Amino acid sequence: MPTPTLLAPSSAGSRFKTILWVALGLTVLFVFITSELLLITDYPMYHAYRLQVIADRHLLIPHTLSGVLALLIGPLQFSSRFRQRHLKIHRVLGRIYVVSVFIGSYTGIALAAGRPGLPGTSMQAAAWMVCTAAAFVTARNRQIVAHRQWMARSYAVTFTFVSSRVLNLWPRYWSHLGDSFAAVGVIAFTLASLLIVELGINWHELTTRRA
Ligand code: HEM
């Protein structure tokens, strides 16, 4: 029976959760400034990509809106206090999260179509949809422990949008993003994110010897 820190937080567990969310929030801020703001303000290294983004705007607008919704709703859904006080809102936001992930995946694949990144994006989108669908189904089945675990996996994939952009300002990293390295990179980020969540879910079993 799993009782990991992710699921039943002790005081050390909730301190860890706070530190984790603050670190993730700071990473989002860093990526927002170094990737998105610089892209908007036409940073020279991003210029060619900026033109591509403008050409893709019909897909990128729904993609970005749904992605931002998933990114922002996720943390609220993990708050036990919020869930206990506002279960109805938790359910409504959960449905919006699921729809956002599916729109984000579909538009993500459409954006990558015909480009070297397609295999990686397709795998990332598949992982995103499978984890999110499993989170939804387990919630419907009132399998709450499994539901939280699948939501953690789903949000880990949501967060690859951020983690895969942390190194964007490094020219050697950026220069590879348009080639097939991008596909391998996206798969690596997705796999690493899911593995980190698995380690978190199994932390208790990994660090405690049975009496
Ligand atoms: C938090 C969730 C997400 C948000 C907020 C988001 C938002 C964005 C934005 C703003 C862009 C254009 C600017 C940029 O590249 O920085 C973009 C591009 C793109 N996104 Fe997402 N996204 C998210 C998740 C995903 C996921 C999970 C996938 C995979 C299914 C994906 C696939 C793509 C693709 C293929 C592009 C175009 C990249 C290219 O043309 O090289 N996104 N996204």
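Since we're looking at a predicted model, the values are computed, not measured. All ligand and atom numbering here is 1-based and tracks the order in the structure.
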Every pair of nitrogen or oxygen atoms between ligand 1 and the protein that is under 3.5 angstrom apart - can you list them with their distances to 0.1 Å?
| unit_1 | atom_1 | unit_2 | atom_2 | d |
| --- | --- | --- | --- | --- |
| ligand 1 | 15 (O) | Tyr49 | OH | 2.4 |
| ligand 1 | 15 (O) | Arg165 | NH2 | 2.7 |
| ligand 1 | 16 (O) | Glu36 | OE1 | 3.2 |
| ligand 1 | 16 (O) | Glu36 | OE2 | 2.6 |
| ligand 1 | 16 (O) | Arg165 | NE | 2.9 |
| ligand 1 | 20 (N) | His63 | NE2 | 2.9 |
| ligand 1 | 22 (N) | His63 | NE2 | 2.9 |
| ligand 1 | 40 (O) | Gln52 | NE2 | 2.6 |
| ligand 1 | 40 (O) | Arg115 | NH1 | 3.2 |
| ligand 1 | 42 (N) | His63 | NE2 | 2.9 |
| ligand 1 | 43 (N) | His63 | NE2 | 2.9 |

*Salt bridge present between Glu205 and Arg210 (N-O < 4.0 angstrom)*: no
*asked:* If hydrophobic clusters are built from ILVMFWY residues whose side chains come within less than 4.5 Å, do Val31 and Phe159 share one?
replied: yes
*asked:* Centre-to-centre under 6.0 Å for Tyr46 and Tyr49, is that the case here?
replied: no
*asked:* Applying salt bridge (Lys or Arg N to Asp or Glu O under 4.0 Å), can you list everything that pairs with Arg115, at least two apart in sequence or on another chain?
replied: Asp56
*When clusters are formed from ILVMFWY side-chain contacts under 4.5 Å, directly or step by step, what else is grouped with Leu206?*
Leu199
Name each donor-acceptor pair under 3.5 Å that joins a side chain in residues 65-73 to protein atoms two or more places apart or in another chain, with its distance.
| unit_1 | atom_1 | unit_2 | atom_2 | d |
| --- | --- | --- | --- | --- |
| Ser66 | OG | Pro62 | O | 2.8 |
| Ser66 | OG | His63 | O | 3.0 |
| Ser66 | OG | Gly104 | N | 3.4 |

